[in-house]
Amino acid sequence: MKKLFGTACLLWITAAHAQGTEMPVTPAKPLTLQEAWTLAEQNSVSLKSARAAVAAAEGHAEDTRGLLWNNPELNAEGLRRKLPPSDLGATTNREWGAGITQALEIGGQHGHRREAARQELIAAQLLAQEAEREVRADVERRFVQVLALQARIGIERDSLTLIERTSSFAGKRVAAGEDSRLDGNVALIEAGRARNQLAALADQHLQARVELGELLQWPSATLPDVVGDLESMATVPALDRLLVAAAERSQLRAFQAKEVAARSKLDLELAARIPDITVGLGVGREGPQDFRENITLLSVSVPLPLFKRNSGNVAQAQADLARAQAERQGLERGQGANVRALWHRYQSLRSRVQNLRDAVLPALEENQRLSQQSLREGEIGVPQQVLVNRQLLDGRRDLLEAITELRLTRIALDQIAGSAAETAAR
């Protein structure tokens, strides 16, 4: 397997030159998975958006921590009063007044608003954690796809070498009259198909690198190249541990917090049906200069809820609560089943990889060696050799596919089971 990874970059260069295409500029040092994660966390648009949502929720929560929700209102007025002429002549009085009013919420509105903001902040923080986990999972999936294609190109390259040897040997036998032209054409066709497959894989490898570059916000003038192990040596936790970890997943806890916030908003809108009381205090001076009056005014006003009962906002809050409950319940119902399905798939793939590696491939490789010897001794023909070579190639493809699916399944399991499984699996 290490040989497959080591020849991947050389294969891509060879395929690109063989097709006469312009090879994209690549960095001198290939990326490791950890470096790809670091770049994604710095440049991911979705992660930046999630962090901005946390900052917005923090600002809203800060507003709700004040003593009162509504700001007090100050007012001041000046009055110039000109009296009609009298025995003392015309008189002008300058009067003034100043006051302050404050709307007071009753019915527990302030507490409901504060709790809703607190829960929304918790949900935003948890969703930011989930966004980071999703970005890491997406990067790892793209990274694994590039690695798998590099390994697949290595397999196809080795297969092409075997097929070309068979084709060359078949050509000599046809020229010597030992085999028919039909046998020679079989080998030539097989070699042509192998070259075409190698070229197609080079295109897929290029596209996979483009997709990884988009995820990493890589400079458009270059494409990322990667290096690493396709197989993960770490073990996945037991199923019961995964189910416990999935129940504590940040996304589920975020939905739970959003449901609590929606319930608090509904309580807030119901409490808003109770009119706020506005209390005012004012002072002023009125009257002629010689008979100035000092006035102190205390006022209380309450709106009469005759025409508007806040029904629209209450209905919207009820709909938001129902939506939040449905999202949370849907995630809870599906999460356990997904964890079980992924865990059983992981165990099945692991057994499949072990069987292919320990039993199938050794037998195929032995058949390939024996068939080459038999071909040289004239015991079998070219079609039988081509068939054996194809079986060996299919076996190597099956093993690589199973290893890739095993890694991708573990990535999905880590993501759905949350940070506990992710930490244990790494």
Side-chain angles (χ1 to χ4, degrees), residues 24-61 120-150 205-234 236-237 242 245-246 248-255 257-258 331 335 338-339 342 404 407-426:
V25 180
T26 57
K29 182 181 177 182
L31 281 174
T32 64
L33 180 57
Q34 188 62 49
E35 291 170 343
W37 277 336
T38 301
L39 282 175
E41 290 172 359
Q42 292 173 352
N43 302 326
S44 172
V45 176
S46 61
L47 194 53
K48 290 179 180 178
S49 177
R51 289 168 178 168
V54 173
E58 288 175 345
H60 183 63
E120 286 180 338
L121 176 58
I122 293 173
Q125 292 170 338
L126 292 170
L127 289 177
Q129 295 176 12
E130 185 68 20
E132 182 177 351
R133 184 175 295 113
E134 289 179 358
V135 167
R136 289 172 68 91
D138 288 342
V139 169
E140 189 173 0
R141 276 191 289 265
R142 300 291 186 187
F143 193 94
V144 166
Q145 288 171 358
V146 176
L147 283 179
L149 285 169
Q150 290 177 177
H205 181 231
L206 177 62
Q207 181 60 34
R209 291 167 61 199
V210 170
E211 293 174 356
L212 177 62
E214 291 177 352
L215 199 58
L216 301 179
Q217 295 294 298
W218 197 263
S220 58
T222 61
L223 289 177
D225 204 0
V226 303
V227 63
D229 294 329
L230 187 58
E231 294 187 80
S232 175
M233 296 298 103
V236 169
L242 290 174
E248 296 297 324
R249 183 184 178 185
S250 55
Q251 184 181 28
L252 179 57
R253 290 189 289 131
F255 282 9
K258 290 174 69 174
L331 185 60
Q335 192 158 248
N338 289 337
V339 170
L342 287 171
T404 304
R407 179 70 178 270
L408 294 176
T409 302
R410 191 189 63 80
I411 295 171
L413 200 54
D414 288 346
Q415 184 180 7
I416 194 171
S419 57
E422 184 178 21
T423 301
R426 297 191 194 288

Working note: R141 + V144, criterion side chain to side chain contact (heavy atoms under 4.5 Å, CB included); need CA distance, chi angles, decisive distance, verdict. CA-CA 5 Å; R141 276 191 289 265; V144 166; 5.9 Å; no

Check against side chain to side chain contact (heavy atoms under 4.5 Å, CB included), L31 and W218: CA-CA 12 Å; L31 281 174; W218 197 263; 3.5 Å; yes

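Looking at residues two or more places apart in sequence or on another chain, you find no side-chain hydrogen bond (donor to acceptor under 3.5 Å, both in side chains) involving T404. Applying the salt bridge (Lys or Arg N to Asp or Glu O under 4.0 Å) rule to E248 yields no partners; only residues at least two apart in sequence or on another chain are considered. For A53, there are no side chain to side chain contact (heavy atoms under 4.5 Å, CB included) partners, not counting sequence neighbours. Taking E130 as the reference, R133, R249 meet the salt bridge (Lys or Arg N to Asp or Glu O under 4.0 Å) condition, with sequence neighbours excluded. By the side-chain hydrogen bond (donor to acceptor under 3.5 Å, both in side chains) test, S46 pairs with S44, sequence neighbours left out.
Considering every non-hydrogen atom in both A246 and V339, the closest pair reads CB-CG2, 3.8 Å. Nearest heavy atom pair, residue I416 against residue Q335, reads O-OE1, 3.6 Å. For A123 against A254, the heavy-atom pair with the smallest separation is CB-O, 3.7 Å. For the residue pair L149 and A208, the shortest heavy atom distance occurs at CD1-CB, 3.7 Å. Residues A131 and A50 approach most closely at CB-CB, 3.9 Å, considering heavy atoms. Among all heavy-atom pairs drawn from V227 and F143, the shortest one is O-CZ, 3.4 Å.
In this structure the side chain of R209 never reaches within 4.5 angstrom of the side chain of L212, judged on heavy atoms. Using a 4.5 Å cut-off on side-chain heavy atoms (C-beta onward), L39 and Q217 make no contact. In this structure the side chain of V226 never reaches within 4.5 angstrom of the side chain of R142, judged on heavy atoms.
Note: L216 CG to D138 CG = 11.0 Å, rounded to the nearest 0.5 Å. Once rounded to the nearest 0.5 Å, the distance linking CG of N43 with OG1 of T38 reads 10.5 Å. The line from CG of L126 to CD of Q251 is 10.5 Å long, rounded to the nearest 0.5 Å. Note that CZ of R253 is 9.5 Å distant from CD1 of I122, once rounded to the nearest 0.5 Å. Between the NE2 atom of H205 and the CG atom of L223 there is a distance of 9.5 Å, given to the nearest 0.5 Å. Between the CG atom of L242 and the CG atom of L413 there is a distance of 5.0 Å, given to the nearest 0.5 Å.
Among pairs with a residue in residues 31-46, those fulfilling salt bridge (Lys or Arg N to Asp or Glu O under 4.0 Å) read K29-E35, E41-R136, at least two apart in sequence or across chains.
Ionic pairing of D414 and R410 is present here: one or more N-O contacts between side-chain nitrogen and carboxylate oxygen are shorter than 4.0 angstrom. A salt bridge links E140 to R407: one of the charged nitrogens lies within less than 4.0 Å of a carboxylate oxygen.
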